[in-house]
Amino acid sequence: MERENKIQGNFITNIIDNDIRNNKNNGKVVTRFPPEPNGYLHIGHAKSICLNFGIALLYNGRCHLRFDDTNPEKEDQKYIDAIMTDVHWLGFDWGEHLHYTSDYFERLYSFALTLIEQGKAYVCSLSPDEIRKYRGTLTEPGIESPYRSRSIVENMDLFQRMRSGEFEEGAHVLRAKIDMASPNIALRDPTLYRIKQAHHPRTGQKWTIYPMYDFSHCLSDAIEGITHSICTLEFENNRPLYDWFLDQLPVPCHPQQIEFARLNLTYTVMSKRILLKLVSNGHVSGWDDPRMPTIAGLRRRGYTKEAIRMFCERIGVAKRDSMVEMALLEHCLRDDLNTRAPRVMAVLHPIKVIILNLPEGEVIPLQALNHPEKPEMGDRTIYFSREIYIDQEDFMENPPKKFYRLSPGREVRLRYAFIIKCESIIKDQQTGDITELHCTYDPLTQSGSGAQDRKVKATIHWLSAIHAIPADVRLYDTLFNVENPAAAIEHEPLENLINPKSLEVLTTCFVESELSQSKPGVIYQFERIGYFCLDSNDSGKLVFNRTVSLKDQWAKIQKQSM
RNA sequence: UGCGGGAUCGUAUAAUGGUAGUACAGCAGACUCUGGAUCUGCUUAUCUAGGUUCGAAUCCUAGUCCCGCAGCCA
């Protein structure tokens, strides 16, 4: 049960190390990931998933997936399905431990009965509004409900009738009898059960009362034999309540609740409320829009599970509120993709180049490496011909000092091909736009020939016009234009915060013909541009999502000179 | 002016009374048929003020600032 030392510890693994040293729980470690199925999982959940499943792996324990489905009004089977897909996709396995809080409704009900019998819970018939008023404020104690002194017999009767559906929503609730004067508001007779005439995705119409989080969560943990119940900081105030229920009731064990700081990422949001709003207001195409921080969105964008897990490892776990820079996520992505993504060439903003000294109809086959650092990934044949495309960015008519690429009279190497020289520029008579470049190639400079070691400053990507196939490319940028949109949204409408350039659609791109066979989930490096993958929305068209750009030194130089 | 937490380079995270370290970002250079990758070097931090101690990010005292809590949400 010793930790592998390759993984950096944190304050939670320190606690667990200690527990194991003291033989607490007989040295066992059982965790759980308890999502509410009311939305899609996002990168913040990934942190929790990696933490909980990671700890189980680390200590040779187990981690349960438990749907915390106690609020049927907001929950849906589609979210349950999506959550399971995402956790699996991240590479975690809950084995036979797929659970639902709703599986325990009967047992939770009888725990409630026990509490009533003990005189520690009562049916309160105050309205929601009255309950709020009786609760007091942050600085003033609450007042006891007039129903607090109902007899056990009456409470039993009323609670059973609540279950049998006799009452309207809001007519009664079951409350714990703790302390209306407690400085911790969570302890001022919290609600245990409320009446809801809603259809539950799993229990249908069977129940008309549903348990609240504070009551059901600790007991579900205890029922499952969870040893370490890891949750986020905002539940710290609720921990005394978590412990209170477990102390009152005959439960098999008493899990330890440990709180950590949730993940925040720059230029995006983790709030399910805001994410839902983005979806329902049509700011994005859905929960899996590639700009969304959802697992489904990241997957469609081309993120790999390895990159996400590496990221979750690198950000660490602590109790202080923090905001991680998006650059770290992108670094983890590039780091993973660089080692694995096959290389191909694509031209996003084509300019046509005519190779003057290569006759029409002549085609020169060339070998290109699929991965320059991994020869075992093989190579492929590409073709050089009289008409090729290069990217607009790789040509400048009046180049500044540090521009190494093609310009009039200058030479550049075509990747895996020849050195070409720009002889002249052809412009549109009317607009003055460059329509073609006329170049010559040096047949002695073929890549790999070794004979000609002529140095040129730059190598650029290109595509043979007759061999390339057209494609759309979607370039993504951050969804928001401010670092902390969740804070900004307090005093600015959502619309103003969305980055108008978060999606740029390019419809005149070309890619190597073999990409007609590509599949979503296979990420390519378009050499010198970035990582791209086929979009999973099957429109019959070739559409590539930019997963992430390559680091661009030239862009930085340009910025500095401005 | 209640209760519960938290404060370490720009960001995130280590150091459990003994050299303030690591990663990302930034800057500079080397190398390169991807201005990619890789490699090298550099800049930058213990919230404040006292105290204990040979020695304090760590312990004590007093402040300051930040976050959370008044759902029949989780």
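In the text below, chain A, chain B and the rest are named by the order of the sequence lines, each starting its count at 1.
Put simply, the side chain of A:Arg343 and the base of B:rU34 share a donor and an acceptor less than 3.5 Å apart. On a pure distance criterion of 3.5 Å, no polar donor-acceptor pair joins the side chain of A:Glu259 and the base of B:rG4. One N or O donor and one acceptor, one from the side chain of A:Gln525 and one from the base of B:rU34, sit under 3.5 Å apart. With hydrogens and angles ignored, a donor-acceptor pair closer than 3.5 Å exists between the side chain of A:Asn237 and the base of B:rG68.
OP1 and OP2 of B:rG35 both lie 4.0 Å or more from every side-chain N or O belonging to A:Arg405. Contact between the side-chain N/O atoms of A:Lys551 and the OP1/OP2 oxygens of B:rA37 is found at a separation under 4.0 Å. For A:His331 and B:rC24, the shortest distance from a side-chain N or O to OP1 or OP2 is below 4.0 Å. For B:rC72, the OP1/OP2 oxygens have a side-chain nitrogen or oxygen of A:Arg135 closer than 4.0 Å.
For the residue pair A:His461/A:Arg415, the side-chain donor-acceptor check at 3.5 Å is not satisfied. A side-chain N or O of A:Gln525 and one of A:Tyr531 form a donor-acceptor pair less than 3.5 Å apart.
Closest contact between the side chain of A:Asn238 and the listed nucleotides B:rC73, B:rG36, B:rA74 involves B:rA74.
A salt bridge is absent between A:Arg194 and A:Glu169; no separation between the charged side-chain nitrogens and carboxylate oxygens falls under 4.0 Å. Remark: A:Glu224 engages A:Arg66 in a salt bridge, criterion side-chain N to carboxylate O under 4.0 Å. We find that A:Asp189 and A:Lys177 are not joined by a salt bridge, their nearest charged nitrogen and carboxylate oxygen being 4.0 Å or further apart.
A:Glu325 has its CD atom 16 Å from the P atom of B:rA23, to the nearest Å. What separates CE of A:Met323 from P of B:rC9 is a distance of 16 Å, to the nearest Å. Taking atom OH of residue A:Tyr267 and atom C1' of nucleotide B:rU11, one finds them 12 Å apart after rounding to whole Å.
In secondary-structure terms, RNA chain B builds stems of at least 3 consecutive Watson-Crick or G-U pairs, each pair having both distances under 3.5 Å, at B:2-7 with B:64-69, B:10-13 with B:21-24, B:26-30 with B:38-42, B:47-51 with B:59-63.
Nucleotide B:rG71 is shown with a syn base, its glycosidic torsion being within 90° of 0.
Of the residues in residues 171-185 of chain A, those with a non-hydrogen atom less than 4.0 angstrom from any atom of RNA chain B are A:Val173, A:Pro183, A:Ile185.
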